Amino acid sequence: MKECGAVNICLKSPQRGLQRGTGVKKWHLLHTALTRLQGSFAVAWALFWRHVASEMEKDKKTKQVKREKREAGSGGGTPGRVSKKVKSRGVKKSQGGDETYGEKEVKQEQVESSEFQVDDAARLQLGSKEEPADEDFVQEKRGKKRKRQKEDESGKGTSCSSEKAAAVKKKKRTDISAEAKTDKKKNEGKLKMPKKEESEKSVTKKKTKEEIEAARTLKRKLKEEEEQQRWRWWEEEKYEAGIKWKFLEHKGPYFPPEYNPLPENLNFYYNGEKLKLGLRAEEVALYFAQMLDHEYTTREVFRNNFFKDWRKEMTLEERMLITDLEKCDFGEYHNFHKQKVEERKNRTKEEKQVLKEANQKITDEYGFCMLDHHRERIGNFKIEPPGLFRGRGDHPKQGLLKKRIRPEDVIINCSKESHVPEPPAGHQWKEVRHDNTVTWLASWTDNVQGATKYVMLNANSKLKGEKDWEKYEVARQLKSRVDGIRAQYKDDLKSKQMGTRQRAVALYFIDKLALRAGNEKEEGETADTVGCCSLRVEHIMLHDSLDGEKCVVEFDFLGKDCIRYYNKVPVTKRVFKNLKLFMENKQPGDDLFDRLNTGMLNKHLSSLMPGLTAKVFRTYNASITLQQQLKELSNALLNQAEKLLSYNRANRAVAILCNHQRAPPKSFEQSMANLQAKIEGRKEQLTLAKAELKKAKKEAKGNSDTKLQFVVEKKKKAMQRCEEQLLKMEVQATDREENKEIALSTSKLNYLDPRISVAWCKNMEVQLDKIYNKTQRDKFAWAIHMTEKDFEF
DNA sequence: GCCGGAACTTAGGATGCTTAGC
DNA sequence: GCTAAGCATCCTAAGTTCCGGC
């Protein structure tokens with residue numbers, strides 16, 4: 001679908017998947033670094049990421065200043081939304097009907113339409129040969145970055161206190177374990193065994209090794225048996241539409257233990273005065289005390305919500321007395337909790353084993369069900385315990401009390417002819433139903449959000465697997481239809497109907513940037529996050545020209561889970577012009593797509609292809625990116641480690657595309673510093689080894705003494721070993737750095753057709769367990785069994 | 001056609017367990 | 001044998017989509 005004379009952004013800056021998320025140049029850089037990987041990639045890669053990180057920081061500051069200016073310009077006040085979503089938006093969105101454009105404008109835009117190009121194949125070519133790699137490293141000054149909102153706030157105190165709390169926590173933990181260590185050493189001194197006993201011990205050790213080997217063999221056998229017993233549902237005929245099962249039997253959910261009152265000697269203090277709380281108030285106070293090390297408890301909203309709900313649990317007397325959270329001292333409760341945590345950590349092997357067995361017993365009893373005469377694992381058979389609601393980001397309900405769920409709140413779903421689970425003694429179920437058109441086993445309503453929670457099957461079950469398979473099949477269907485669909489929305493960009501144009505631009509973003517659909521949300525009920533259809537004017541900035549690119553859209557918004565999406569993307573002139581139009585006469589808080597919602601969008605999509613929704617584009621683009629990246633990055637001549645690295649890089653490209661971020665591990669800086677120190681040490685060793693080799697060579701020169709030649713060989717080997725180890729460490733450091741803020745597992749589990757990975761493993765002769773762990777292999781058993789080498793997504 | 005709720009998938013953080021390296 | 005780091009699993013919040021009722 002290339003068009004003559006087109007200024008094809010995709011061809012200019014190929015590599016579709018990689019482009020998205022962080023912008024074209026960054027992906028040129030990425031490619032450059034990837035290419036260098038074949039040689040000494042480590043340095044290039046580390047430099048690249050360090051560079052990006054520093055640019056992110058710079059850009060963040062610029063962005064903040066800009067935003068403040070914008071806010072001041074739009075009348076100041078809250079940076080948030082101006083318009084209320086949902087009800088008010090309904091009126092706003094349909095206001096005045098759909099506008100039409102004049103013929104003249106349409107004609108003029110038709111001329112520009114040739115600029116529009118979306119070509120997967122072209123975009124997926126990694127990198128551009130036109131731009132020298134080194135230049136890219138220099139050019140990437142303004143950085144295409146993406147950072148967590150959380151981090152933006154890090155300088156504002158709250159996370160500081162959390163860090164402080166964590167540091168204190170860590171120190172105390174270290175102190176306690178140091179004490180334990182000392183005690184242990186003392187005991188060891190006292191209990192030192194006589195030599196005879198020691199030798200007996202070594203015999204025991206030997207036996208243990210044999211036992212270990214036997215256990216391994218047993219494990220292997222069990223694995224084989226398990227494999228044989230696996231229900232190959234994918235080889236069976238499907239039930240008629242809507243029917244999920246024909247027989248379902250289970251034991252009902254497992255309830256958390258009742259509250260165990262605190263010891264009498266523990267006190268709560270109000271305004272410095274000792275106060276004995278009633279059981280209800282004490283329990284809820286403990287929930288708060290348990291979280292004192294967490295940043296949550298420093299947030300005003302969290303504190304206010306907690307206090308409001310806590311007071312509801314108090315007796316009249318308590319309520320009269322306790323009126324200010326600031327005057328509450330939960331210190332003793334908090335210390336008690338910490339002590340319990342420590343005790344848990346310091347359990348002996350035996351204690352741990354007893355506990356493990358007890359848990360296993362619970363799992364065996366409640367963790368499985370019989371579905372159509374097959375034993376299936378339940379995903380979440382435990383009822384959520386009570387506690388304080390941990391809504392993410394600026395959730396208005398964070399801190400509210402999540403109440404204890406009783407059997408009287410729970411609806412059970414099972415077969416009529418099955419043995420209905422017994423409710424716990426003295427209780428009864430809210431309802432028992434026999435609905436085989438749904439997949440859940442039990443459900444209840446959550447008191448905080450009013451949402452229904454479900455007990456469902458594990459990801460490796462038939463019900464989940466079948467749906468997963470179906471999902472990827474729909475995405476594969478899109479592959480053959482996508483050109484037509486793109487042509488259609490390209491045409492729609494010049495429609496006379498405003499709604500149609502908005503739909504086309506939204507689709508362009510969903511397709512090109514893998515944005516989520518973006519449902520409307522009720523204000524005040526959840527954190528202020530958006531997706532494509534719910535974008536507001538304040539979430540984008542238009543640049544006629546930026547960083548040498550024309551028509552650049554700068555996105556900055558909080559998406560699902562309050563993860564920040566930040567990206568600067570060059571778009572076609574037509575998209576750019578439409579965006580300008582959509583933003584005319586609007587306030588920052590107004591909807592960008594005021595004549596569009598996810599319902600309308602999905603309705604349109606399903607008319608283009610059965611089963612097509614906005615979400616399918618994400619699955620399709622993620623999977624196709626993986627497939628193309630694997631083709632690009634790996635070949636059969638690489639060694640195992642290199643092959644795996646290429647797989648991880650392909651996976652990483654998808655994670656970046658889908659904006660799957662994670663908070664850097666708490667110990668990241670320390671662990672990197674440790675690794676760097678090791679690398680330095682190893683470098684010194686290498687220098688020494690080289691010098692020794694040189695010396696040995698000198699001594700052996702002209703001397704036929706075999707001993708001296710042997711020494712040379714020995715030194716040579718030592719040096720090589722040193723080099724290998726150094727390289728390994730550098731690779732590790734690079735990999736760790738790359739993964740610092742990227743979560744790979746989400747895309748692997750939810751977006752990447754497993755058949756692509758299975759086929760890749762077969763073609764590359766890589767063992768599947770190198771890319772999928774046990775759980776993942778279980779989940780994707782259907783794909784593992786049905787995929788051949790020649791599978792194409 | 002809109003709305004709200006039900007049903008399901010997707011998501012990152014917390015926690016516990018295992019393994020590598022000293 | 002110990003410790004730190006990495007990995008797996010658990011947990012549950014937060015999305016998307018579908019569907020029935022008005």
Side-chain angles (χ1 to χ4, degrees), chain A residues 86-87 90 93-94 148 150 174 177 181 184-185 188 242 244 294 341 344-345 347 352 355-356 359 363 379-385 387 389-393 395 397-398 402 411 413 435 437-440 443 445-446 448-454 456-459 463-464 467-468 471 516-522 525-527 529-531 533-534 559-563 597-603 605-606 611-616 618-619 658-663 665-668 670-672 674-675 678 725 729 732 735-736 739 741 743-747 749-751 773-776:
Chain A
V86 199
K87 309 263 157 61
K93 288 205 168 191
S94 55
R148 298 182 157 252
K150 262 186 202 170
T174 322
S177 54
K181 212 171 159 184
K184 208 175 172 188
K185 277 192 176 168
E188 273 169 7
K244 303 289 166 55
H294 203 290
V341 171
R344 228 178 294 154
K345 262 185 209 148
R347 277 183 196 131
K352 279 182 185 168
L355 210 73
K356 199 176 168 187
N359 281 331
T363 305
N380 57 325
F381 59 90
K382 287 177 180 167
I383 293 276
E384 292 171 16
F389 178 67
R390 299 181 179 208
R392 294 171 195 156
H395 201 297
K397 293 188 174 181
Q398 58 183 294
K402 257 181 70 163
I411 302 172
N413 192 31
D435 182 358
T437 65
V438 295
T439 64
W440 54 269
S443 73
T445 305
D446 151 58
V448 175
Q449 313 229 69
T452 317
K453 302 272 181 118
Y454 300 94
M456 286 187 183
L457 293 187
N458 186 271
L463 290 179
K464 296 284 181 188
K467 270 312 248 328
D468 221 26
K471 173 181 80 184
R516 292 187 187 85
N519 285 310
E520 290 164 350
K521 297 166 79 184
E522 210 160 337
E525 292 294 305
T526 56
T529 60
V530 295
C533 293
S534 50
K560 184 179 179 182
D561 291 326
C562 288
I563 300 293
N597 61 38
T598 52
M600 292 153 85
L601 180 69
N602 281 337
K603 200 177 167 194
L605 289 174
S606 68
L612 184 62
T613 63
K615 190 165 82 90
V616 179
R618 231 165 122 82
T619 312
C658 295
N659 200 34
H660 290 146
Q661 299 182 38
R662 62 167 188 168
K666 277 174 196 161
S667 57
F668 184 82
Q670 187 56 52
S671 103
M672 278 309 276
N674 291 348
L675 193 55
K678 271 191 198 174
Q725 283 169 342
M729 280 180 190
Q732 198 184 351
D735 212 38
R736 211 183 278 177
N739 266 354
E741 289 177 82
L744 297 186
S745 58
T746 307
S747 49
L749 284 172
N750 302 301
Y751 289 103
N773 64 32
K774 171 89 175 78
T775 313
Q776 290 161 345

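Computed from a predicted model, the values in this text were never measured in an experiment. Quick note on labels: first sequence line is chain A, next is B, and so on, each numbered from 1.
Taking atom CG of residue A:L749 and atom C1' of nucleotide C:dC10, one finds them 13 Å apart after rounding to whole Å. Rounded to an integer number of Å, the gap from A:Q661 CD to B:dG12 C1' is 11 Å. Between A:E525 atom CD and B:dG5 atom P the separation is 11 Å, expressed in whole Å. When the P atom of B:dC17 is taken as reference, atom NZ of A:K345 falls 12 Å away, rounded to whole Å. Distance, A:E384 CD to C:dT12 P: 5 Å, rounded to whole Å. The separation between A:K560 atom NZ and C:dT12 atom P is 16 Å, rounded to whole Å. Distance CD1 (A:I411) to C1' (B:dG5): 13 Å, rounded to an integer number of Å. If you measure from atom CZ of A:R347 to atom P of B:dT15, you get 14 Å, rounded to the nearest angstrom.
Backbone-only contact: A:F389 has heavy atoms under 4.0 Å from sugar-phosphate atoms and none from a base. Nucleic acid contact for A:R618: sugar-phosphate only, since backbone atoms but no base atoms lie under 4.0 Å from a heavy atom of the residue. Within 4.0 Å (heavy atoms only), A:T439 reaches sugar-phosphate atoms of the nucleic acid but no base atom. Among the atoms of the strands shown, none is found under 4.0 Å from any heavy atom of A:K397. As judged by a 4.0 angstrom heavy-atom cut-off over every strand, A:A614 is placed among residues touching the sugar-phosphate backbone only. Residue A:G599 is classed as having no contact, given no heavy-atom separation below 4.0 Å to the nucleic acid.
In this structure, A:H660 reaches the B:dA11 phosphate: one of its side-chain N or O atoms is under 4.0 Å from OP1 or OP2. Taking side-chain N and O atoms only, A:H294 has a distance below 4.0 Å to OP1 or OP2 of B:dA14. In terms of phosphate contacts, A:K467 brings no side-chain nitrogen or oxygen within less than 4.0 Å of OP1 or OP2 of B:dA7. Checking the phosphate oxygens (OP1, OP2) of B:dC8, a side-chain nitrogen or oxygen of A:K244 falls inside 4.0 Å. The side chain of A:T613 contributes no N or O atom lying less than 4.0 Å from OP1 or OP2 of C:dT16. Within the 4.0 Å cut-off from OP1 or OP2 of C:dG15, not a single side-chain nitrogen or oxygen of A:N519 is found. An OP1 or OP2 oxygen of B:dA11 is reached within less than 4.0 angstrom by no side-chain nitrogen or oxygen of A:T746. Between A:T529 and C:dG15 there is a side-chain N or O to OP1 or OP2 distance below 4.0 Å. Proximity of A:K453 to the phosphate of C:dA13: a side-chain N or O atom is located under 4.0 Å from OP1 or OP2. Residue A:S443 has no polar side-chain atom (N or O) positioned under 4.0 Å from OP1 or OP2 of B:dA7. At the phosphate of C:dT17, OP1 or OP2 sits under 4.0 Å from a side-chain N or O atom of A:N602. Distances shorter than 4.0 Å separate none of the side-chain N or O atoms of A:K356 from OP1 or OP2 on B:dG16. A close approach under 4.0 Å does occur between a side-chain nitrogen or oxygen of A:Y751 and OP1 or OP2 of B:dA11. Distances shown here put a side-chain N or O of A:K402 below 4.0 Å from the OP1 or OP2 atom of C:dA13.
Residues A:Y454 and A:N380 share a closest heavy-atom pair of O-ND2, 2.7 Å. What you find for A:C562 and A:T529 is that their closest heavy atoms are SG-CG2, 3.6 Å. What you find for A:L463 and A:K244 is that their closest heavy atoms are CD2-O, 3.1 Å. Contact record, A:A743 with A:Q661: CB-O, 4.0 Å, taken as the closest heavy-atom pair.
Between A:N750 and A:A451, the residue whose closest nucleotide on DNA chain B is further toward the 5' end is A:A451. Mapped onto DNA chain C by nearest heavy atom, A:Q776 and A:Q449 fall at different nucleotides, with A:Q776 at the one closer to the 5' end. Comparing A:R516 and A:R390 against DNA chain C, the residue whose closest nucleotide sits nearer the 5' end is A:R390. Nearest-nucleotide positions on DNA chain B place A:K464 closer to the 5' end than the other of A:K464 and A:R392.
The NZ atom of A:K345 sits 10.5 Å away from atom NZ of A:K352, with the distance rounded to the nearest 0.5 Å. Taking CD of A:E384 as the reference point, atom NZ of A:K453 lies at 3.5 Å (rounded to 0.5 Å). Rounding to the nearest 0.5 Å places CG of A:N739 at 6.0 Å from CZ of A:R662.
For the side chain to side chain contact (heavy atoms under 4.5 Å, CB included) with A:E525, the qualifying choice from A:Q449, A:K397, A:H395 is A:K397, the only one to do so.
With hydrogens and angles left out, the side chain of A:K615 and the base of C:dT16 share no donor-acceptor pair within 3.5 Å.
The side chain of A:D561 lies closest to B:dG12, out of C:dT16, B:dT10, B:dG12. Side chain of A:V438, nearest nucleotide from B:dA6, C:dA14, B:dC8: B:dC8.
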